[in-house]
Amino acid sequence: MAVYSDQDRRQIDELCARWREGSLIGDASLLYPDDFPTVWSQPVLDELNRRFWGNLLEGGEGGGSFESKWEIQLEGAPIEVRLLAAECLLVYYLITVSVGSERKRAMINKTIGPDREDLHVSTDSVEYEALRNWIANPGQYYNTRQDLLVGYLMELASRLKKLSLEGRTELLEDNPWGFAEFAEGGEHHNDTMRHVVCHLLYPQYFERIASNRHKELVLKTFGDLDTSDSDASQDQRLYAIRTELKRRLPDWSEARRDYYEPDLRPIWHPAGRSTDSASMDPAFALDFKKQIVFYGPPGTGKTYTARDLAARVIRTAALQRWGVDEYFGDVDKVEVAVVGHVANLQMHPSYGYAEFMVGLRLDADGGTSYQLGALPRLVERMEAEKQQMGEQALPHVLILDEINRTDLSAMFGEAFSAMERDKRGVEMELFAEGASGEQIRFTMPEDLYIIGTMNEIDQSVEALDFAMRRRFFWFPTPFDEEALFAIWESQWAEQKMTVQWQDAVPQLQELAERISLLNSRIAELPELGPEYELGAAVFGDLPYFVGLEWRYRTHGRRQAKILWTDRDKVREPVLSLWTLSIAPVLSQYLAGSDRRVEQLEELKQLFVTRPAR
């Protein structure tokens, strides 16, 4: 039921079936089962594990990259071990969209080695056809910690081989939950790769989700549809929810019921920087604390993230309070609710208690009276909605942009304490009287959420008083490579590029590495620091410059040398991005530095120089 991808995954599923039957239950090579019948046997797996886990290269050791370390670990290995290592890479690559097919093939063939070109994966093979497609985007961690994920895979296979043939067959032929439990073991357990392997081997039962955080968010959002037992595992609960979705939405295709497709994704998909920890997710934090702040350098998408999270809070509540039928029966109603239940206030120095809580204002007859500010008016609206709609009334989210530009403690006044989650719903008196002389009362609703944003350049986090700080959970919003790739991919489609996205990804990944180094250097400079690092938005226009240069170019298009040539000479799109987007920002940041010209040139070279390969 979870067998879905927007690509043709038939070859992938067929390859996984061969891997399960021939290599995991049996011992044969995945690529050449007749010529190498024992590649996945216990002795060969033990040797590969010894070479990898027994010679684990950390950090900058062995050249620093997975590729360079991998070659060191396989140096002098017999062909059976190298073929096994290559097939582990093949399985690892089957799911991911973020590595191009040529890069996948090159790494597999390099692992097999130059002495056995007869065993290399060719472009007309079934395996290459599988590598040209994909199932999902498992995230940046899947690329950056390739060592741990491939290492988990080889250790899992080794543990399976310690079982009898009957034991392996029992786990791998029709026992998804038993296999998932077995896959949780091992000294080098890795949740991401476990999720991937479970989906590859049992796609009817396991979602194409590689992240614990994503699974927890789906459960949080769609938990009311869970019909499983109280002791069910995470994946059993997800399977029960999918079964219920299929029952409730029988006319929908598997594509529409997929969590990453447009109908469901906006309801649950996370806001903020990617992490695999539910405790570090803004949605869970907001649900518990009621107030959070996104802080960081300009251009890191804090306001966008806040609005995205606010919209998801409303959509989740609408799904849970209105039910599946009403929610999907009138999607326009949901979008109207999102607009009407998210309020945005831009903070500035003159915005204070009178505007936010209550203040004296002139009447038409020249007198004065107390009038409610933005927050009490919002609360009155919420109370009216609850009287009208009862349990179907939705929460509200208040976004306070650039909260450090005003005195928050003074702005909230007596309501300062009412923000705390254990004070919600408790009525209090304001120091103001109504038209009849009665004391104005105020209650902070339990389902009013507050999201703040703050640029560190304007004022550091430490400048806010402790009492205010402890009423919020604080989420740093630094440069996010995953967010940058999302911007680039969206722009790629908009620019109607002649260079295919997948072909461009390898050089884009190299540029992302330069950006990370650039930000690291900015953080080190005494004149700047971490708060001056550049956000993803600064680099977002790269596809525009690529499109201008490659709109009519045909030579070299398939090689996608869009940022650097074969001789590592930087191309115009990178230089244009530096000149028009990056240099003006850094120039302003360094305006007071005596070494401004020298520092700008250093940062430029760090950005435009292709990384050593």
Side-chain angles (χ1 to χ4, degrees), residues 213-227 237-238 241-242 244-245 248-249 257 259-272 278 281-294 304-345 375 377-400 418-422 424-425 443-452 472-473 475:
R213 177 195 183 198
H214 284 198
K215 288 190 173 185
E216 288 297 330
L217 282 167
V218 170
L219 288 173
K220 177 180 184 293
T221 303
F222 297 92
D224 288 349
L225 301 178
D226 179 17
T227 58
R237 294 180 61 199
L238 288 168
I241 290 172
R242 178 161 293 282
E244 186 64 13
L245 276 175
R248 297 279 194 94
L249 304 168
R257 284 194 294 267
Y259 292 117
Y260 290 103
E261 292 303 300
D263 284 298
L264 300 186
R265 181 186 174 99
I267 309 174
W268 70 271
H269 195 263
D281 186 272
F284 287 96
L286 186 63
D287 191 41
F288 171 79
K289 190 74 170 179
K290 308 297 185 183
Q291 292 95 217
I292 65 171
V293 171
F294 293 110
Y304 172 84
T305 302
R307 291 173 179 171
D308 186 58
L309 175 58
R312 295 181 195 283
V313 168
I314 305 307
R315 290 193 182 100
T316 298
L319 178 70
Q320 294 171 345
R321 299 181 187 186
W322 297 354
V324 171
D325 295 337
E326 184 174 349
Y327 183 98
F328 291 111
D330 191 351
V331 177
D332 289 342
K333 177 183 175 183
V334 176
E335 296 308 311
V336 169
V338 169
V339 173
H341 288 74
V342 177
N344 196 103
L345 291 178
L375 182 60
R377 291 200 306 271
L378 177 59
V379 171
E380 283 189 343
R381 180 182 167 191
M382 292 180 67
E383 291 172 349
E385 287 178 3
K386 286 183 179 179
Q387 289 179 1
Q388 181 181 357
M389 301 181 65
E391 295 297 319
Q392 287 200 326
L394 299 179
H396 281 249
V397 181
L398 177 60
I399 298 174
L400 304 178
M419 296 170 65
E420 298 194 62
R421 60 189 302 269
D422 60 344
R424 297 293 185 104
T443 303
M444 183 77 83
E446 293 184 8
D447 56 355
L448 171 60
Y449 301 97
I450 299 174
I451 305 176
F472 291 82
F473 279 148
F475 285 86

Tell me whether K220 is salt-bridged to E216, with the criterion being a basic N under 4.0 Å from an acidic carboxylate O. no
E420 with K290: basic N within carboxylate O range, under 4.0 Å: no
To the nearest 0.5 Å, what is the distance between [atom1] ([X]) and [atom2] ([Y])?
X    : Y    : atom1 : atom2 : value
D226 : I241 : CG    : CD1   : 5.0 Å
F473 : I292 : CZ    : CD1   : 10.0 Å
L219 : R237 : CG    : CZ    : 4.5 Å
Q291 : L448 : CD    : CG    : 8.0 Å
I399 : I450 : CD1   : CD1   : 11.5 Å

Give the C-alpha distance, both sets of side-chain angles, the deciding distance and a yes or no for side-chain contact (heavy atoms from CB on, under 4.5 Å) between R242 and L238. CA-CA 6 Å; R242 178 161 293 282; L238 288 168; over 6 Å; no
If only atom types and distance count, is the side chain of R321 paired as donor or acceptor with the main-chain N or O of A393 below 3.5 Å? yes
May I have the step-by-step check of side-chain contact (heavy atoms from CB on, under 4.5 Å) for I451 and V293, ending in yes or no? CA-CA 6 Å; I451 305 176; V293 171; over 6 Å; no
Is the [X] ring parallel, tilted or perpendicular to the [Y] ring (thresholds 30°, 60°)?
X    : Y    : value
Y260 : H269 : perpendicular
H396 : H341 : tilted
Y259 : F222 : tilted

Side chains of [X] and [Y]: does their closest heavy-atom pair fall under 4.5 Å?
X    : Y    : result
V339 : E335 : no
M444 : L375 : yes
V334 : I267 : no

On a heavy-atom basis, which atom in [X] and which in [Y] lie closest, and how many Å separate them?
X    : Y    : result
L319 : T221 : CD2-O, 3.9 Å
Y449 : P395 : CE1-CB, 3.8 Å
L249 : R257 : O-NH1, 3.0 Å
P282 : R213 : CD-NH2, 3.7 Å
H214 : P270 : NE2-CG, 3.5 Å
W322 : Q392 : NE1-O, 3.0 Å

Check step by step if side-chain contact (heavy atoms from CB on, under 4.5 Å) holds for R307 and V342. CA-CA 8 Å; R307 291 173 179 171; V342 177; 5.6 Å; no
According to salt bridge (Lys or Arg N to Asp or Glu O under 4.0 Å), who are the partners of K215, at least two apart in sequence or on a separate chain? D235
Under the side chain to side chain contact (heavy atoms under 4.5 Å, CB included) rule, collect the residues that match up with D224, sequence neighbours excluded. Q320
Which of R421, K386, R424 passes salt bridge (Lys or Arg N to Asp or Glu O under 4.0 Å) with D447? It is K386
Heavy atoms of other groups near Y304 OH, more than 12 under 6.0 Å: no
Begin with the C-alpha distance, continue with both residues' side-chain angles, and end with the deciding distance and a verdict on side-chain contact (heavy atoms from CB on, under 4.5 Å) for V397 and L309. CA-CA 9 Å; V397 181; L309 175 58; over 6 Å; no
